[in-house]
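Basis for what follows: all heavy atoms, side chains included, without hydrogens, waters or symmetry-related copies. These numbers were taken from a predicted model, which means no experiment stands behind them. Numbers for residues simply follow the sequence, beginning at 1.
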Amino acid sequence: MGAASLDVRMWINSDENGSAAALFTWLQDDEVSRESKIGIVRGDAAHEMSAGSFELITALVSNGIALVNLLVAVAAWRNTRQTPTSVHIEHEGTVVVIEGGSPEQVAELAARLEKPPGAAGTGEAHE
């Protein structure tokens, strides 16, 4: 990956008990926030940008390592939930869904997100 930053959006389709807000807080408190600019969009704007969610987390990550660290932080957050929920992550039209959290899964998802649009193997993926 080059020096360009990646603009990433994350959402949780069924936002039970403020899950998106909890994930946002987790990411703000995690050291990943030192490598990435984390934000949150609420309301109609988020709904239009995320296939139906009313809270959307945005992240501007500086490089591939920062992307992997972001995905590790999301997977770690999922593992703290009483009922782990799927987190959708999108970059340039490629959507992946974190449903697990093994290092191998995180690395695979990061590789899918880093591929340029139109590259073989892009599209929605579930792990």
- request: Any chance you could measure Leu71, atom CG, to Glu108, atom CD, to the nearest 0.5 Å?
  value: 11.5 Å

CD1/Ile65: more than 12 non-hydrogen atoms of other groups inside 6.0 Å: no

message: I want to check something: taking the side chain as every heavy atom from C-beta on, are Val8 and Thr58 in contact at a cut-off of under 4.5 Å?
response: no

- prompt: Under 3.5 Å, is there a donor-acceptor pair between the side chain of Arg78 and the main chain of Thr85?
  reply: yes

Polar side-chain atom of Thr25 near backbone of Ala21 as donor-acceptor pair, under 3.5 Å: yes

message: Please find the pair of heavy atoms, one from Arg81 and one from Ser19, that lie closest to each other, and give the distance.
response: NH2-OG, 3.5 Å

- request: Measure the shortest side-chain to side-chain distance between Trp26 and Thr80 over non-hydrogen atoms and say whether it is less than 4.5 angstrom.
  value: yes

field: Asn69: partners by side chain to side chain donor-acceptor pair (under 3.5 Å), with sequence neighbours left out
entry: Glu35

- prompt: Minimum heavy-atom separation for Val61 to Ser36, with atom names?
  reply: CG1-OG, 3.0 Å

- prompt: Okay, side chain of Glu90, backbone of Glu92: is any donor-acceptor separation there less than 3.5 Å?
  reply: yes

task: Please tell me if the side chains of Ile40 and Leu56 come closer than 4.5 Å, counting only heavy atoms from C-beta onward.
output: no

Given Asn63, Leu67, Leu70, the one that forms side-chain contact (heavy atoms from CB on, under 4.5 Å) with Leu6: Leu67

message: Glu99 vs Ser86, test: side-chain hydrogen bond (donor to acceptor under 3.5 Å, both in side chains). Steps then yes/no.
response: CA-CA 5 Å; Glu99 294 176 325; Ser86 300; 3.2 Å; yes

- prompt: Hey, are the side chains of Leu23 and Val87 touching, using non-hydrogen atoms and a 4.5 Å cut-off?
  reply: yes

- request: Would you check, one step at a time, whether the test side chain to side chain contact (heavy atoms under 4.5 Å, CB included) holds for Arg9 with Ile89?
  value: CA-CA 6 Å; Arg9 299 184 299 181; Ile89 302 174; over 6 Å; no

task: Kindly give the heavy-atom pair with the smallest separation between Val32 and Leu27, and that separation in Å.
output: CG1-O, 3.7 Å

message: Minimum heavy-atom separation for Val106 and Ala75, please, with both atom names.
response: CG2-CB, 4.3 Å

task: Kindly indicate whether the side chain of Ile38, heavy atoms from C-beta on, has any atom under 4.5 Å from the side chain of Phe24.
output: yes

Closest approach of Leu113 to His91 (non-hydrogen atoms, all atoms of both residues): O-CD2, 3.0 Å

- line: Closest non-hydrogen atoms of Ile57 and Ala20, given as atom of the first, atom of the second and distance, are CD1-O, 3.3 Å

